[in-house]
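Treat the numbers as computed from the prediction; the structure is a model and nothing was measured. Chain naming here is simple, since letters A, B, ... match the order of the sequence lines and numbering starts at 1 in each.
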Number of protein chains: 2
Amino acid sequence: MNRCYGMTNQQAVLDLLDIVEYGGCAEPQQFFALMRRTFDIAHLLYLEAESTPEGLKVCRLHHTFGAYAEELYLSRGLHRIDPILRLALGGVRPVEWATARRRFPECEPLFQAAEDIGLSTEGVALPLPSPAGRMALLAISANMPPAEWSEYRRCHLRDFQLAANLFHASMLEQSMADAIDERDTRLTGRETEVLTWSAAGKSYWEIATILGISERTVRFFMSNARRKLNVVSNTQAVAQAVRHALIPNI
Amino acid sequence: MNRCYGMTNQQAVLDLLDIVEYGGCAEPQQFFALMRRTFDIAHLLYLEAESTPEGLKVCRLHHTFGAYAEELYLSRGLHRIDPILRLALGGVRPVEWATARRRFPECEPLFQAAEDIGLSTEGVALPLPSPAGRMALLAISANMPPAEWSEYRRCHLRDFQLAANLFHASMLEQSMADAIDERDTRLTGRETEVLTWSAAGKSYWEIATILGISERTVRFFMSNARRKLNVVSNTQAVAQAVRHALIPNI
DNA sequence: AACTAAACTGTCACTACCGACAGTTACATG
DNA sequence: CATGTAACTGTCGGTAGTGACAGTTTAGTT
């Protein structure tokens with residue numbers, strides 16, 4: 001019981017949370033080291049991803065595993081653990097590895113492979129969504145028997161969750177600072193207008209009439225909007241625009 | 001110090017977190033009552049919103065304030081506190097009310113009004129994003145002097161954060177269960193699939209290949225979707241589908 | 001048995017969209 | 001002056017989307 005509630009341990013936890021919250025902890029390895037000094041955990045993995053029709057596209061990956069384990073992880077097929085990633089990345093609720101292991105038998109070879117190289121298969125994945133729809137997670141593993149992990153997790157999930165959120169916030173804020181520099185992605189007024197009318201079901205000819213410009217210009221603005229949104233069709237452009245509240249409802 | 005670290009208090013907190021995590025706590029008032037029994041807090045407010053170019057649109061609002069305070073809150077203008085809501089809804093990091101109060105002087109009249117009717121102005125707002133881009137927050141207030149609140153918050157932010165996340169997960173899961181029922185009465189599975197792929201930028205031919213059907217069938221499903229959504233183009237159909245969360249983000 | 005809904009498919013004529021080639025003016029900034 | 005951004009425009013060849021005509025099979029319900 002002292003393990004969970006001991007005063008020194010609690011003080012260390014609160015100190016860690018202060019550092020992550022106020023110390024601007026946007027360096028993954030620094031954060032991982034801090035977490036491993038404070039908690040009895042083995043490894044951490046932070047991953048940001050986008051979901052595409054071809055499967056998950058990893059945008060950012062930081063972890064404490066060595067290169068060998070990463071190579072093994074990827075060569076054995078990220079798709080193997082895809083259902084678990086999708087579950088964690090598609091929701092909000094923490095995903096317990098052992099629960100997912102039982103639920104998705106197709107992932108068993110990957111868990112076996114991890115055990116073969118001495119990695120623990122007890123852990124939890126914490127979904128970290130963001131307002132812009134970007135998906136991320138922090139996975140934490142520990143070298144403990146199942147019953148001990150279950151109790152440890154119960155005591156510290158709140159610590160993991162807040163630390164993960166604050167770290168994720170720092171990462172997002174850094175990403176946003178970087179992204180602000182990319183001004184080419186902002187739609188002009190005219191581009192927004194043609195997107196809005198297209199979303200309302202109007203053809204180019206109709207939009208041209210409404211706005212008092214040529215159809216050719218409508219197409220020019222639309223083409224610009226597609227390029228800036230990095231999409232291949234107007235339909236996709238409108239989907240993105242609505243998702244990111246770039247256009248009003250009319 | 002016992003206030004933070006006392007064994008009974010910690011046990012009550014972990015019990016609460018168990019209930020929220022495993023008890024399927026999707027009733028807001030039940031959740032609020034549980035939180036108020038466990039923590040020394042005054043009020044809670046859970047809000048889901050969409051950001052539109054015309055301002056914030058509140059989708060869901062639950063709170064422990066009486067009807068009079070809600071009326072006062074809304075009549076005094078949600079737009080007054082809009083910068084704080086936007087900050088909380090547009091990010092991931094917890095927003096301290098006192099910090100926001102200093103940062104946004106235009107909100108001062110609203111804080112004054114709250115004090116006039118005896119509501120505390122010490123609190124924190126916890127952003128609760130979701131993978132589908134829906135924004136929410138849980139605000140927690142306490143009747144304490146600033147220095148006491150600061151210390152209490154430091155001890156319990158992790159508890160608030162995890163409890164909020166788990167409650168938010170329950171709310172989302174219930175929303176998704178409802179949305180699935182509603183969707184079943186309108187678009188069929190295949191219609192939703194072709195819409196989703198179209199929104200992802202795929203042409204009919206590409207969608208046909210992906211789904212292993214003919215292009216003709218893709219067009220048939222698409223035509224059905226347009227008719228059911230009462231729209232005249234695929235672009236408009238996708239805009240409506242995204243707005244009403246009829247299709248997932250892929 | 002008859003009906004409905006869902007999933008699946010072909011052909012035709014027409015239109016709307018698309019990239020690629022080309023251009024303009026006005027304004028702001030270095 | 002040169003450069004970048006925003007708004008504006010024409011022509012051409014090709015393709016993706018659209019409605020309209022037609023059909024099939026299967027499963028569930030009355």
**Prompt:** Any donor and acceptor pair, going by atom type alone, linking the side chain of B:His62 with main-chain N or O of B:Tyr46 inside 3.5 Å?
**Reply:** no
**Item:** Exam field: side chain B:Thr196 to backbone B:Thr192, donor-acceptor pair closer than 3.5 Å
**Value:** yes
Does [X] make a side-chain N or O approach to OP1 or OP2 of [N] shorter than 4.0 Å?
X        : N      : answer
B:Thr217 : C:dT9  : yes
A:Ser233 : D:dA16 : no
B:Thr188 : C:dA7  : yes
A:Arg226 : C:dC17 : no
B:Arg190 : C:dC8  : yes
A:Tyr204 : C:dC18 : yes

Which whole-number value in Å describes the distance from [X] [atom1] to [N] [atom2]?
X        : N      : atom1 : atom2 : value
A:Glu191 : D:dC8  : CD    : P     : 11 Å
B:Lys202 : D:dG17 : NZ    : P     : 12 Å
A:Phe221 : D:dT9  : CZ    : C1'   : 10 Å
B:Ile213 : C:dG10 : CD1   : C1'   : 15 Å
B:Gln236 : C:dA16 : CD    : P     : 15 Å
A:Ile207 : C:dC17 : CD1   : C1'   : 11 Å
B:Glu215 : C:dG10 : CD    : C1'   : 12 Å
B:Phe220 : D:dA20 : CZ    : C1'   : 14 Å

**Request:** Assess whether atom CG of B:Asp18 is packed by more than 12 heavy atoms of other residues, nucleotides or ligands within 6.0 Å.
**Result:** yes
**Request:** May I ask you to decide if the ring planes of B:Phe31 and B:Phe167 are parallel, tilted or perpendicular, using 30° and 60° as cut-offs?
**Result:** parallel
**Asked** Got a donor-acceptor pair under 3.5 Å from the side chain of A:Arg219 to the base of C:dG19?
**Response** yes
Classify the nucleic acid contact of [X] as base, sugar-phosphate or nothing, counting any heavy atom under 4.0 Å across all strands shown.
X        : answer
A:Ser214 : sugar-phosphate
A:Asn234 : sugar-phosphate
B:Arg216 : base

**Asked** Is the shortest distance from a Lys or Arg side-chain nitrogen in B:Lys202 or B:Glu193 to a carboxylate oxygen in the other one below 4.0 Å?
**Response** no
